[in-house]
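What follows is a single structure, written as structure tokens, with notes after it.
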Amino acid sequence: MDRTPDTVAAVDWEAHCREAVAAYDAATTTAELEEAHVHYLGRKAALPQALRGVRDRETGMTLNAGRRTIEEAEAEARTRLDRGAVAGDYDVTLPGEAPRRGRLHLITQIRREVEDVFLGLGYEVVDGREVETTHYNFDALNFPGWHPARSPGDSFFLDETRVLRTETSPSQIRTMEERGGPPIYMITTGRVYRRENVDATHTQTFHQVEGLAIDEGITLADLKGTLLHFMRAIFGPERRVRFRTHYFPFTEPSIEPDVSCFLCDGAGCSVCKHSGWLEMGGAGMVDPALFEFVDASAYDPEKVSGFAFGLGLERIALLRHGLPDIRLLWANDLRVLGQF
Ligand code: PHE
């Protein structure tokens, strides 16, 4: 007599599995998927029922393999339907939009580089103000009454006593007042304003770096060594520096420093207009009159001396990168600014 329980033997499990897989494959909605689940894997479904009654190993293995096949078909169908639901809203397989990465403006980069050079020499970086009084912008800096910068034709006045600073030099006076005595080794950077006719080399707003060193025994040689160090840091280790005499109300003697052309090394080229040298701003020994203005007992002109310098950041940027027009730095054209 055959003792095998006919509930198990009577079913063609291979055909049953094929039918289940086909049902899952055909499901196009979650409802159909759930229906297939109840029918083939639910508590009362034929295969799980049969599995519960299995006694022999061989049948158990056959049925378990069948259940795995059906479960895989179900998982596949679920993934397919989930993806379809999402695809209705947006296509997750499209490449994303990468956020555009910003960068620092060239002038900001140069400013930070300049600050780094002087921080490395032990200078501190101080802040100035862009709206100045005529006292700090002119009087305390020893500007004579006839100086053209005092006229509204050259400078932007807010009223009789206030002016958009025409240079960063007022911070020399403010720093001396604040510190109350030597030593001082400071630089400051920022915007200055002049009533210029705008062209390839002039804008009405531009940036300067101002330096001031005050101590006992400071000489013109210290100024030259400091500027040489700076020019080499910015324009390369082979640079040389020379001084030409000049006039500023607040320095005596006053000079204009030149740096040997970094492109032709002095041989002459279009960057240096065939002179071999590049003009780099103004400088000089602090005029003792400034010490008198601030506090002659704290800064005794008999003992204390110092130097000051002022350089244009735009000029450094234009020269170093061969930019043909200063206005490019203000036009905010990303095709230009993105190159630096
Ligand atoms: N303030 C001067 C200018 O803008 C530059 C300068 C600074 C000169 C410090 C001497 C000392 O032209």
Side-chain angles (χ1 to χ4, degrees), residues 114-115 118-119 121-150 155 157-194 207-227 230 243 245-257 281-311:
V114 167
E115 288 173 357
F118 283 103
L119 284 170
L121 288 175
Y123 282 58
E124 58 186 314
V125 180
V126 310
D127 259 339
R129 49 181 85 182
E130 294 181 20
V131 176
E132 266 299 359
T133 61
T134 48
H135 171 76
Y136 285 102
N137 199 84
F138 300 122
D139 302 336
L141 284 170
N142 209 30
F143 274 67
W146 50 262
H147 199 284
R150 287 183 181 265
S155 306
F157 282 84
L158 287 96
D159 55 34
E160 289 278 296
T161 57
R162 284 178 303 168
V163 63
L164 293 183
R165 67 174 174 190
T166 58
E167 54 194 352
T168 40
S169 301
S171 56
Q172 291 184 32
I173 305 294
R174 288 191 179 278
T175 307
M176 280 194 267
E177 284 181 353
E178 248 163 53
R179 296 305 135 95
I184 294 174
Y185 292 89
M186 78 85 177
I187 63 155
T188 185
T189 56
R191 294 184 177 202
V192 300
Y193 303 85
R194 287 182 198 176
H207 296 78
Q208 288 187 333
V209 52
E210 185 90 11
L212 177 70
I214 297 192
D215 212 333
E216 291 183 16
I218 297 250
T219 71
L220 205 58
D222 297 314
L223 170 60
K224 196 164 189 178
T226 303
L227 287 178
F230 172 74
F243 285 176
T245 53
H246 199 73
Y247 165 75
F248 297 104
F250 38 90
T251 45
E252 182 59 35
S254 299
I255 61 104
E256 282 191 325
M285 299 306 288
V286 175
D287 191 314
L290 269 59
F291 297 147
E292 311 272 354
F293 267 113
V294 175
D295 183 351
S297 58
Y299 300 92
D300 180 357
E302 295 301 320
K303 278 203 237 146
V304 173
S305 59
F307 64 72
F309 57 85
L311 316 168

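Numbering starts at 1 and runs along the sequence shown.
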Fill in: Interatomic spacing from CG in D215 to OG in S305 - rounded to 0.5 Å
8.0 Å
Worksheet item: F143 and A149: which non-hydrogen atoms are nearest, and at how many Å?
Response: CE2-CB, 4.1 Å
Discussion item. Which heavy atom of S254 sits nearest to which heavy atom of F248, and what is that distance?
Written reply: OG-N, 3.0 Å
Discussion item. Could you check whether any side-chain N or O of N142 sits under 3.5 Å from a backbone N or O of F250, counting only pairs where one atom can act as donor and the other as acceptor?
Written reply: no
Practice prompt. Hey, could you give me the CG/OG1 distance between L212 and T188, rounded to the nearest 0.5 Å?
Written response: 10.5 Å
Discussion item. Working to the nearest 0.5 angstrom, can you tell me the gap between T134 OG1 and L158 CG?
Written reply: 11.0 Å
Worksheet item: Can you check whether T166's main-chain N or O pairs, donor with acceptor, with R194's side chain at less than 3.5 Å?
Response: yes
Discussion item. Can you pull out every side chain to side chain donor-acceptor pair (under 3.5 Å) where at least one residue sits in residues 281-295? Sequence neighbours excluded, please.
Written reply: D295-S297
Worksheet item: Where do P257 and G281 come nearest, in terms of heavy atoms and distance?
Response: CD-O, 3.3 Å
Fill in: Min side-chain heavy-atom separation M186-S171 under 4.5 Å
yes
Item to complete: Could you pull out all residues at least two apart from Y193 that satisfy ring-ring contact (aromatic ring centres under 6.0 Å, His included)?
Response: none
Worksheet item: Given the rule in the side-chain contact (heavy atoms from CB on, under 4.5 Å) test, do T189 and T168 qualify, once you have shown the distances and angles that lead to the verdict?
Response: CA-CA 7 Å; T189 56; T168 40; over 6 Å; no
Practice prompt. Under the side-chain contact (heavy atoms from CB on, under 4.5 Å) rule, what do L311 and V209 come out as? Steps first, then yes or no, please.
Written response: CA-CA 5 Å; L311 316 168; V209 52; 3.8 Å; yes
Worksheet, complete the sentence: Only residue of F309, F230, Y185 satisfying ring-ring contact (aromatic ring centres under 6.0 Å, His included) with Y123 is Y185
Worksheet item: Roughly how far, to the nearest 0.5 Å, is the CG atom of L227 from the CD1 atom of I255?
Response: 6.5 Å
Fill in: Side chain proximity check, M285 to P253, heavy atoms < 4.5 angstrom
yes
Worksheet item: For the residue pair P249 and H147, what are the closest heavy atoms and their distance?
Response: CG-CD2, 4.1 Å
Item to complete: With rounding to the nearest 0.5 Å, note down the distance linking OG1 in T251 to NE2 in H246.
Response: 9.0 Å
Discussion item. Listing request: all side chain to side chain donor-acceptor pair (under 3.5 Å) pairs with a residue in residues 173-183, at least two apart in sequence or in separate chains.
Written reply: E124-R179, E132-R174, Y136-E177
Discussion item. side-chain contact (heavy atoms from CB on, under 4.5 Å), that's the test. Do F307 and I218 meet it? Break it down for me.
Written reply: CA-CA 7 Å; F307 64 72; I218 297 250; 3.5 Å; yes
Fill in: F291 and Y299 aromatic ring geometry - parallel, tilted or perpendicular at 30°/60° bounds
parallel
Discussion item. Within the 3.5 Å criterion, strictly below it, is a donor on E210 or Q172 matched to an acceptor on the partner's side chain?
Written reply: yes
Discussion item. Within a 6.0 Å radius of atom CG on D127, are there more than 12 heavy atoms belonging to other residues, nucleotides or ligands?
Written reply: no
Discussion item. Assess the residue pair K224 and T219 against the criterion (side-chain contact (heavy atoms from CB on, under 4.5 Å)); give the C-alpha distance rounded to whole Å, side-chain angles, the decisive distance to 0.1 Å, and a yes or no.
Written reply: CA-CA 9 Å; K224 196 164 189 178; T219 71; over 6 Å; no
Worksheet item: How many angstroms lie between CG in N137 and OG1 in T161, if you round to the nearest 0.5 Å?
Response: 12.0 Å
Discussion item. When you measure from the side chain of R150 to the backbone of S155, do you find a donor-acceptor pair of N or O atoms at a distance under 3.5 Å?
Written reply: no
Response to the item:
Taking every heavy atom of V114 against every heavy atom of I187, the minimum-distance pair comes out as O-CD1, 4.5 Å
Discussion item. Minimum heavy-atom separation for A296 and P301, please, with both atom names.
Written reply: O-CD, 4.0 Å
